[in-house]
Amino acid sequence: MKRLFIYKGLELEANINGYATYELKATPFKPEYAGQLNFYINVVDDKLRGENDNKTIGLLLCKGKDEVVAQYALTGYDQPIGISDYQLSKAIPENLKSALPSIEEVEEELTSLLDKDKNP
């Protein structure tokens, strides 16, 4: 399977059957997200999809969604688009906790990098 990274947050996966585009949003679903994903699907279909490939599939993962709003947003599109919500887990497995930096360490590193950019 080959991967193409094209746009921030948009990843395409290709195989012999076709393409799937998916995007991860850090906010609850908004109707305009369906239009944006439809745009991506159209670009993939125009630029990458071959005549023997299946239709490009669009998957949108949001941090929550209203089923009624999502249904209205998708009505009228002839593209295969799916919307799902996700929840972040607050539990970090014990074996990973020691391998991850603390919030303070991340903030310190970011501050250091920003200071370097300001004062090269």
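For residues 66-77, the pairs satisfying side-chain hydrogen bond (donor to acceptor under 3.5 Å, both in side chains) are Lys65-Glu67, with sequence neighbours left out.
In this structure, the side chain of Thr111 engages the main chain of Glu107 through a donor-acceptor pair within 3.5 Å.
In this structure, Val43 and Tyr40 have side chains that are not in contact, with every pair of non-hydrogen atoms separated by 4.5 Å or more. Between Leu59 and Ser84 the shortest side-chain heavy-atom distance does not fall below 4.5 Å. Looking at heavy atoms from C-beta onward, Lys30 lies out of side-chain contact with Lys25 at the 4.5 angstrom threshold. In this structure, the side chains of Asn42 and Gln79 come closer than 4.5 Å at one or more pairs of heavy atoms.
Applying the 6.0 Å contact sphere to NZ of Lys63 captures no more than 12 heavy atoms from other residues, nucleotides or ligands. Within a 6.0 Å sphere centred on CZ of Phe39, heavy atoms belonging to other residues, nucleotides or ligands number 12 at most.
Here the straight-line distance linking atom NZ of Lys47 with atom CZ of Arg49 works out to 15.0 Å at 0.5 Å rounding. To the nearest 0.5 Å, atoms OH (Tyr19) and CG (Asp53) are separated by 6.5 Å.
Among all heavy-atom pairs drawn from Ile83 and Phe29, the shortest one is CD1-CE1, 3.4 Å. The shortest non-hydrogen separation linking Ala73 to Ala34 is O-CB, 4.1 Å. Leu60 and Cys62 make their closest contact through CG-SG, 3.7 Å (heavy atoms, listed as atom of the first residue, atom of the second, distance). Shown here for Thr21 and Ile41, the closest heavy-atom pair between the two residues is OG1-CG1, 3.7 Å.
Residues passing the side-chain hydrogen bond (donor to acceptor under 3.5 Å, both in side chains) test with Thr27 are Tyr33, sequence neighbours excluded.
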